[in-house]
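FYI, the numbering just counts along the sequence from 1.
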Amino acid sequence: MKGYAIPQEVKRYVGHDMIQAHTKLPSFANERIALLYAFLKRNEDNQQTTERMTAVTLLIQLGIDTHHTVEYASSSTSDRNMRSRQLKVLAGDYFSSRFYQMLAEVGQIEAIQLLSRAVCEVNRLKMTVAASVRDGSMNHSRYYEHAVKIKQCLFHAFNEWLNRADVELYEQLLDLISEREVIQEELEIVKQQAVESHSWTYWFVMAHASSSQLHRWQHEVIIEQEWDELLQQCKPELILHERMKSVEERLSTILGASVSDTQSSFVESIVSELAI
């Protein structure tokens, strides 16, 4: 993956002074993007389009993630908060729209269709999560499953563009890397002791709350002290660290398994890039 510089390329589109001054954007999906780039580049048919396709995918993912932060942002009506929300909406729209332009410039109509379908699937999954929250069927297991799927979705769209012999390895690594990202995000939420309703941690803690607490929280804001006490009782970080250990072991097993001669050096480059 010598010469890989997709994040640096995409920064040209996101470094606007107004955005930098008034809001904070989500982090890049660097591991998933590096994985996609590596596998696309192995197919000789993609040599002329790999960099553009990967950059476009990073922009789309950034647009999705930016809109996601608006959906679950604080409802504060302060001028600064409102300006940040407005800029995130506009920024998300801009990042998403740039991919149409970048692909149309090189006549990649098929890719536009493929990625548009993937974005629709992401939105469908998010609507499923929202519906489960509304009808009371959401729980921590279901939330975790959907969180991982949402991270995978855009990147599974490229399976047909890969070498057929690489698809299985790509899917396995994408699934595990996506899960690892979810766990890392959840560990940060636990660390901050934040009441984040759009998280596995929230639903895990809620499963340990008393019936009286659950009833009260339907009408009142959750008291920070009460939440901290529940976090101390159920210790979600222990579950997350155990899951992280399992993910890392599965990654090591997959990458340490016997591969074909044509894949061996490629696997070594993946290990280096993803710090596995």
Side-chain angles (χ1 to χ4, degrees), residues 23-27 29 64-86 88-89 92 121-153 175-176 178-250:
T23 194
K24 182 179 180 180
L25 295 176
S27 301
I64 291 171
D65 293 341
T66 301
H67 281 156
H68 182 79
T69 64
V70 176
E71 293 166 15
Y72 297 104
S74 166
S75 57
S76 169
T77 55
S78 68
D79 289 345
R80 181 173 180 81
N81 187 271
M82 289 296 291
R83 186 182 297 114
S84 176
R85 286 166 62 89
Q86 291 165 354
K88 283 180 178 177
V89 171
E121 178 61 13
V122 170
N123 289 331
R124 187 194 68 79
L125 288 169
K126 291 169 73 174
M127 289 291 289
T128 300
V129 171
S132 295
V133 171
R134 283 197 305 270
D135 66 23
S137 62
M138 179 56 70
N139 57 48
H140 59 88
S141 296
R142 182 171 296 177
Y143 189 94
Y144 187 87
E145 178 184 347
H146 277 85
V148 175
K149 283 183 178 179
I150 287 171
K151 286 191 179 293
Q152 299 166 351
C153 197
D175 291 352
L176 290 171
S178 298
E179 184 174 0
R180 185 164 72 171
E181 285 188 35
V182 169
I183 296 170
Q184 289 168 341
E185 290 171 1
E186 293 293 338
L187 283 169
E188 185 61 28
I189 289 172
V190 174
K191 181 180 178 181
Q192 295 175 358
Q193 296 182 315
V195 184
E196 299 279 358
S197 61
H198 55 291
S199 70
W200 169 86
T201 300
Y202 174 86
W203 294 103
F204 181 78
V205 173
M206 292 294 276
H208 291 78
S210 67
S211 57
S212 62
Q213 286 175 318
L214 293 175
H215 178 74
R216 180 157 40 84
W217 291 341
Q218 290 178 357
H219 312 285
E220 301 175 3
V221 174
I222 297 174
I223 299 172
E224 186 176 323
Q225 182 180 349
E226 243 184 326
W227 189 256
D228 291 348
E229 289 173 357
L230 275 173
L231 280 172
Q232 293 298 320
Q233 291 173 17
C234 62
K235 299 188 181 302
E237 69 276 12
L238 298 182
I239 304 295
L240 292 169
H241 283 303
E242 192 64 33
R243 290 188 176 185
M244 180 67 83
K245 180 181 177 181
S246 175
V247 167
E248 298 289 1
E249 288 175 350
R250 282 179 284 163

Exercise for review: Apply the test salt bridge (Lys or Arg N to Asp or Glu O under 4.0 Å) to residues E145 and R142: give CA-CA distance (whole Å), side-chain angles for both, the deciding distance (0.1 Å), then the verdict.
Suggested key: CA-CA 5 Å; E145 178 184 347; R142 182 171 296 177; over 6 Å; no

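- A donor-acceptor pair is defined here as one N or O able to donate and one able to accept, closer than 3.5 Å; such a pair exists between the side chain of E186 and the backbone of W200.
- Counting heavy atoms from C-beta on, the side chains of E179 and I183 come closer than 4.5 Å.
- Summarising the local packing, NE2 of H215 is surrounded by 12 or fewer heavy atoms from other residues, nucleotides or ligands at distances under 6.0 Å.
- L231 and Q193 make their closest contact through CD1-CA, 3.8 Å (heavy atoms, listed as atom of the first residue, atom of the second, distance).
- Atom SG of C153 is separated from atom CD1 of I64 by 8.0 Å, given to the nearest 0.5 angstrom.
- Two residues are said to be in side-chain contact when any heavy atoms from C-beta on lie closer than 4.5 Å; E224 and V195 fail this criterion.
- The six-membered or imidazole ring of Y144 lies away from that of H140, with a centre-to-centre distance of 6.0 Å or more.
- Counting only heavy atoms from C-beta outward, the side chains of V148 and D175 never approach each other to under 4.5 Å.
- Side-chain contact annotation: E229 with Q233, donor-acceptor N/O pair under 3.5 Å absent.
- Heavy atoms of other residues, nucleotides or ligands lying less than 6.0 angstrom from CD of Q225 number 12 at most.
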Review point. Can you list the steps and then say if N139 with W203 is a side chain to side chain contact (heavy atoms under 4.5 Å, CB included)?
Key: CA-CA 6 Å; N139 57 48; W203 294 103; 5.8 Å; no

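- When side chains are defined from C-beta on, R180 does not count as touching K151, because their heavy atoms never get closer than 4.5 Å.
- Closest heavy-atom contact between H146 and V129: CB-CG2, 3.6 Å.
- Heavy-atom neighbours of Q184 CD from other residues, nucleotides or ligands within 6.0 Å: above the threshold of 12.
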Practice item. Starting from the C-alpha separation in whole Å, work towards a yes-or-no answer on side chain to side chain contact (heavy atoms under 4.5 Å, CB included) for Q218 and Q213. Key: CA-CA 9 Å; Q218 290 178 357; Q213 286 175 318; over 6 Å; no

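- By the 4.0 Å N-to-carboxylate-O rule, E242 lies too far from K245 to be salt-bridged with it.
- Looking at heavy atoms from C-beta onward, F204 lies out of side-chain contact with L240 at the 4.5 angstrom threshold.
- For the side-chain contact (heavy atoms from CB on, under 4.5 Å) criterion with P236, the lone passing option out of L187, V190, L230, I189 is V190.
- At distances below 3.5 Å, not a single donor-acceptor pair connects side-chain atoms of E220 with backbone N or O atoms of W217.
- Judged by distance alone, the side chains of Q152 and S178 never bring a donor and an acceptor atom under 3.5 Å apart.
- In this structure, the separation between CD1 on I223 and CG on D228 is 11.5 Å, given to the nearest 0.5 Å.
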Exercise for review: Just do the side chain to side chain contact (heavy atoms under 4.5 Å, CB included) check on M138 and M206 with the steps written out, would you?
Suggested key: CA-CA 11 Å; M138 179 56 70; M206 292 294 276; over 6 Å; no

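- Considering CD of E196 and CD of E185, their distance stands at 11.0 Å, rounded to 0.5 Å.
- In this structure, a donor-acceptor pair under 3.5 Å is absent between the side chains of S199 and T201.
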